[in-house]
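Nothing here was measured: the structure is a model prediction, and the numbers come from that model. We name chains A, B, ... by the order of the sequence lines, and we start the count at 1 in each one.
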2 protein chains.
Amino acid sequence: MLDGPKTKAAKTGTASAPKAAKKKRMDPDAREAHIVAEAVRFFAEHGFEGKTRDLAKRIGITQPLLYRYFPSKESLIERVYEEVYVRRWNPAWESLITDREIPLTDRLCRFYREYSRAVYDYVWVRMFVYSGLKGVDINDRYLRGIKDKVLRPVCAELRHDQGLPSPEEIPIGEQELELAWSLHGSFFYRAIRRYIYNLTSTADSDMAIDNEVKVFLAGVGPVHRQLVEKQAEQAQ
Amino acid sequence: MLDGPKTKAAKTGTASAPKAAKKKRMDPDAREAHIVAEAVRFFAEHGFEGKTRDLAKRIGITQPLLYRYFPSKESLIERVYEEVYVRRWNPAWESLITDREIPLTDRLCRFYREYSRAVYDYVWVRMFVYSGLKGVDINDRYLRGIKDKVLRPVCAELRHDQGLPSPEEIPIGEQELELAWSLHGSFFYRAIRRYIYNLTSTADSDMAIDNEVKVFLAGVGPVHRQLVEKQAEQAQ
DNA sequence: ATAACAAATGATCAAACGATAAATAAAGAG
DNA sequence: CTCTTTATTTATCGTTTGATCATTTGTTAT
């Protein structure tokens, strides 16, 4: 039941190599970090049923050494989860989406450019899909956050932009939310094509994002208005 | 190296139960069909690393019996692939998309309604994603077909609708194709939310599809025109 | 140098897995 | 009924996999 090497206060001491990669005997903290870093890519590539022996070979250590740093495979996987899903959300995005000093087009273009670059990388996308298939609760929680921090605000800004009543007056409907999901999903699908299906598009990502946002904003008006009006009838 | 039970001409003979489910001893063809049917759902649920013992327990047979009908787990999986990815494409769709007697909006609404209903079900989506993660070539081939049979025709019809030059005059560019991908992807993402992330939306699917198509067509014009014009400059 | 500590390895266990072979039992033919 | 056929089961093999333990080897302090 050991949860890591005994020495935790050791650190690197003097000034050991900043990237001690070829030393036979590593500083425990550095070794642990190295294991986690490689495990992240390994499990992203092979899924969580990847074999510990293959992982060890990839790291360049023996398989039992993994168990000196992590009591079980599962605990290593949990650590990998933390490593991937922590600190990827930028709180500034929430205020960016609702900043009415900036035109809505610019806000959405900037947000989805930055969001796609920060979140949709090889490791994140594959792990997210792997854990979705596996049925882990991470996806549910994450998408709930997207709904509250992105989709609903986007709907609210769309309403303001079109001169429609605010969500406080008329709550956001399911079909209305689907509109925001479709925009969001088209960007996630780009990441899926790239990292799951391995299709390399020569098209510039930022330009593609801008185009899709423009198409969406140029066409969403009438449909959105109609949905909100129908929503208003049902509410009364 | 046996590839099935010896008797292939037996069939069900007289008039055995149409759905012989509880008989202790099944007709070989019926048994094989039963195994495949259950295997399809089993592997869709657990992925291709699902254990043969679990599959057998689910079917209600012993694990070695699987090996009387399939020489190996891999051969069973190949059979499952065939079962899922054959005859799901409706050739009529190709002529539907290009049928200029019908308004483009109606064509795309009808196509994506039918396509989503026929293709994007639990088994298909999960298997497609599982094999994508695994790196099987199926995805690549399938998406190549989507590109040729859906996206390029859609781009061509969009051009005709906007009075832009045909693809024979000016070839379809990468960014132009991305527009069609974004529409297509938003529908696939709906299926992912449902079958991978297990998010049940109360929103009516057909209505959501119609709305997205309308938004797309209402907004795509200027962006599309600009892309084609840029494409024309680069071509000369 | 040498003793003390711990990082890392080699050997190995127990359970799980795909696959095989022999034994059992259900159905039809005579 | 008896005999033949074969669908199905029971028992088991060889390998793989996560995990453990004793041993070796590199590092530091004295």
Note to self: Below the 4.0 Å mark, does D/dT8 have OP1 or OP2 next to a side-chain nitrogen or oxygen of B/Tyr69?
What the structure shows: yes
Next item on the list: Ignoring hydrogens and angles, answer whether the base of D/dT25 and the side-chain atoms of A/Arg25 contain a donor-acceptor pair closer than 3.5 Å.
Entry: yes
Notebook entry, point to check: Roughly how many Å is it from CZ in A/Arg31 to P in D/dT27, rounded to a whole number?
Noted result: 12 Å
Notebook entry, point to check: Can any side-chain N or O of A/His34 pair as donor or acceptor with the backbone N or O of A/Ala30 at less than 3.5 Å?
Noted result: no
Check: Could B/Glu49 and B/Lys134 be called an ion pair, given the rule that one side-chain N must be under 4.0 Å from one carboxylate O?
Finding: no
Check: Rounded to whole angstrom units, what separation is found between the CD atom of B/Glu32 and the P atom of D/dA7?
Finding: 11 Å
Next item on the list: Might you point out which heavy atoms bring B/Val213 and B/Leu183 nearest each other, and give the distance in Å?
Entry: CA-CD1, 4.4 Å
Note to self: Can you pull out the residues from residues 44-54 of chain A that lie within a 4.0 Å heavy-atom distance of DNA chain D?
What the structure shows: A/Gly50, A/Lys51, A/Thr52, A/Arg53
Notebook entry, point to check: Which whole-number value in Å describes the distance from B/Leu66 CG to D/dT9 P?
Noted result: 10 Å
Note to self: Rounded at 0.5 Å granularity, tell me how far OG in A/Ser131 sits from CD1 in A/Ile138.
What the structure shows: 5.5 Å
Margin query: Between P on D/dT17 and CD on A/Glu74, what's the gap in Å once rounded to a whole number?
Written below: 18 Å
Note to self: The side chain of A/Leu65 is closest to which nucleotide in this list: D/dA19, C/dT20, C/dT9?
What the structure shows: C/dT9
Note to self: Could you tell me if B/His184 and A/Tyr189 have a donor-acceptor pair between their side chains, going purely by distance under 3.5 Å?
What the structure shows: no
Next item on the list: Mind calculating the distance between NE2 (A/His34) and P (C/dA7) to the nearest angstrom?
Entry: 17 Å
Notebook entry, point to check: Which of these nucleotides, D/dT8, C/dT9, C/dA19, is closest to any side-chain atom of A/Thr62?
Noted result: C/dT9
Check: Whole-Å distance between C/dT9 C1' and A/Met26 CE?
Finding: 16 Å
Checklist line | Between CE on residue A/Met127 and OH on residue A/Tyr122, distance to nearest 0.5 Å | finding: 9.5 Å
Next item on the list: Figure out the NZ/P separation between B/Lys73 and C/dA19, and round it to whole Å.
Entry: 8 Å
Margin query: Without decimals, in angstroms, what is the distance between B/Gln63 CD and C/dA21 C1'?
Written below: 13 Å
Check: Any chance the side chains of B/Ser205 and B/Arg190 put a donor and an acceptor closer than 3.5 Å?
Finding: yes
